[in-house]
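Residue indices begin at 1 and follow the sequence shown. Any value given below was found using the heavy atoms of this structure, including those in side chains, with hydrogens, waters and symmetry copies removed.
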Amino acid sequence: MPSVLVAFLVVLSATTVVLVTLASYAWINDDAPAARPLVVVLLGQAVWCGAIFASGLVRGTWLAQLMWHVRSVSVLFVVAGLFCFSLAFTGRTEYLNRRTYALLSVEPIFRIGIIVTNYRNLNYSAVYQSEAAIAGVGFEWGAGFWAHATYSYLLLGVAMLLVLWSALGAKVRYRKHAYAILISATLPVVGSIVYTLTEMALDPTPLAFSATGVVGWWALFHSDMLELEPIADREVVSSLNSAVFVVDADGRLVKRNEAAVELLGEQDTVGVDAESVLSEWPAFYEKFRPDVITEQERSAEVQQGGRYFDVLVSPLYDDRDRLVGQVYLVHEITEQKTRERELERRNRQLDQFASVV
């Protein structure tokens with residue numbers, strides 16, 4: 001086995017261990033919204049590198065071909081995971097819902113079916129022995145492979161555009177993280193295109209994608225992106241007795257704390273149209289329509305079903321001072337109202353007694 005190939009296999013094995021370690025850390029410390037997509041990316045890359053490493057150990061055999069197909073499946077998770085990571089990284093967590101996951105699963109399901117069956121040679125039309133290839137075998141790819149490659153490049157392109165847009169509008173201290181992820185995500189795409197369209201013996205794409213995952217892990221866990229201030233804000237909001245929920249510019253409920261869950265119900269309402277969520281609260285809805293967003297702060301007392309609430313609605317702005325939604329702070333004052341009515345009743349009794357005396 002050529003020394004260059006041996007060195008490449010050693011790097012792949014070491015990279016696999018590093019990726020699994022980082023994925024474990026991300027899984028344990030998953031407070032950040034982007035942590036779970038990052039786990040998918042890191043584990044997908046670990047399987048990718050591990051499969052290529054295994055194919056290099058059994059070059060030219062049917063096991064090498066099998067490992068190459070395992071590698072193809074792992075790519076599906078890496079691409080989808082990076083797209084979800086870009087959504088979370090750029091603050092678009094409202095799109096990380098079942099609908100998005102269902103749409104992202106359509107292409108991988110078809111792709112896995114094509115890989116397993118090679119239906120009508122859609123995945124590859126021929127397999128041949130190749131001393132230059134790390135697996136000892138080469139493939140003449142079919143239309144299904146090229147369709148998947150096109151889809152993957154488009155999805156990664158959208159992800160990189162989201163990160164770029166976030167970098168241009170982010171605060172200065174956050175731009176370096178976005179630019180680092182953008183550059184690290186561009187390199188594997190370029191490497192993949194060069195490897196696919198040329199006769200390169202060793203594919204640099206898995207190692208380049210691994211660098212993307214490592215940079216994402218650094219940006220998420222070992223930089224000031226998770227500084228104390230946003231963590232403290234999140235903990236304070238979560239621990240408030242008052243219900244707090246956020247509605248975006250499209251009138252969808254995107255955030256809520258535990259008190260809001262008790263108020264609005266236990267069902268999964270994140271990402272749902274706020275009008276339907278508040279349909280059982282007509283008094284509240286009449287005063288504070290979630291589809292009407294203004295730059296003025298509004299407050300009022302609302303009575304609903306024998307309960308009383310103080311409601312404060314404040315506009316929500318992004319880093320570019322654009323109006324992107326509104327924050328609702330709902331504090332129940334039913335007990336206070338009950339005490340006030342009892343005090344008023346006693347005062348009336350005292351007045352009556354005084355008038356009699």
Side-chain angles (χ1 to χ4, degrees), residues 8 10-50 52-53 71 74-93 96 104 152-195 202-227 230-231 319:
F8 188 68
V10 170
V11 173
L12 283 173
S13 62
T15 303
T16 302
V17 174
V18 172
L19 292 172
V20 171
T21 303
L22 296 183
S24 302
Y25 183 92
W27 178 265
I28 296 173
N29 301 275
D30 63 346
D31 292 335
R36 291 297 175 89
L38 183 61
V39 170
V40 175
V41 172
L42 292 171
L43 289 180
Q45 291 165 340
V47 174
W48 188 347
C49 292
I52 296 179
F53 170 77
R71 164 258 182 201
S74 68
V75 172
L76 303 173
F77 291 92
V78 172
V79 173
L82 279 174
F83 179 76
C84 292
F85 177 80
S86 70
L87 291 177
F89 181 81
T90 56
R92 296 172 172 84
T93 53
L96 294 176
L104 288 175
S152 299
Y153 292 143
L154 289 175
L155 197 62
L156 291 173
V158 173
M160 288 188 290
L161 287 176
L162 291 176
V163 175
L164 176 61
W165 182 257
S166 176
L168 294 176
K171 297 179 180 179
V172 175
R173 60 179 175 176
Y174 293 147
R175 289 179 184 171
K176 63 179 181 180
H177 311 110
Y179 287 139
I181 292 177
L182 184 63
I183 294 173
S184 64
T186 303
L187 293 177
V189 173
V190 175
S192 175
I193 294 175
V194 172
Y195 174 76
L202 302 178
D203 185 4
T205 308
L207 296 180
F209 263 125
S210 299
T212 306
V214 172
V215 171
W217 181 85
W218 164 80
L220 204 59
F221 295 107
H222 277 260
S223 67
D224 59 353
M225 281 195 67
L226 292 181
E227 58 185 358
I231 296 177
D319 291 338

For this session: Identify the heavy atoms of Ala23 and Leu43 that sit nearest to each other, and give their distance.
Result: CB-CD2, 3.6 Å

Seminar exercise, completed: Residues passing the side chain to side chain contact (heavy atoms under 4.5 Å, CB included) test with Ser152, sequence neighbours excluded, are Val79, His148

Problem set entry | Closest non-hydrogen atom pair, Cys84 against Leu104 | SG-CD1, 3.5 Å

Problem set entry | Heavy-atom closest pair, residues Ser86 and Leu162 | OG-CD1, 3.9 Å

Problem set entry | Min side-chain heavy-atom separation Tyr25-Thr21 under 4.5 Å | no

Exercise. Taking all non-hydrogen atoms of both residues, which atom of Gly44 and which atom of Val78 are closest, and how far apart?
Worked result: C-CG2, 3.4 Å

Exercise. Would you say the side chain of Phe209 lies within less than 4.5 Å of the side chain of Leu82, judging by non-hydrogen atoms?
Worked result: yes

Seminar exercise, completed: CZ (Phe8) and CG (Leu12) are apart, to the nearest 0.5 Å, by 4.5 Å

For this session: Rounded to the nearest 0.5 Å, what's the gap from CZ on Phe83 to CG on Leu96? Could you check?
Result: 9.0 Å

Exercise. Side chains of Gln45 and Leu22: does their closest heavy-atom pair fall under 4.5 Å?
Worked result: no

Let me have the donor-acceptor pairs involving side chains of residues 185-192, under 3.5 Å, with sequence neighbours excluded, atom names and distances please.
unit_1 : atom_1 : unit_2 : atom_2 : d
Thr186 : OG1    : Leu182 : O      : 2.7
Ser192 : OG     : Tyr153 : OH     : 2.9

Seminar exercise, completed: Rounded to the nearest 0.5 angstrom, the OG1-CD1 distance for Thr205 and Ile193 is 9.5 Å

Exercise. When you look at Trp165 and Thr90, which way does the side-chain contact (heavy atoms from CB on, under 4.5 Å) test go after all the steps?
Worked result: CA-CA 9 Å; Trp165 182 257; Thr90 56; over 6 Å; no

For this session: Of all the heavy-atom pairs spanning Ser74 and Val47, show the shortest one and how long it is.
Result: CB-CG1, 3.8 Å

Problem set entry | Shortest non-hydrogen contact from Cys49 toward Thr15 | SG-CG2, 4.0 Å

For this session: Report yes if some heavy atom in the side chain of Val40 is under 4.5 Å from a heavy atom in the side chain of Phe85; otherwise report no.
Result: no

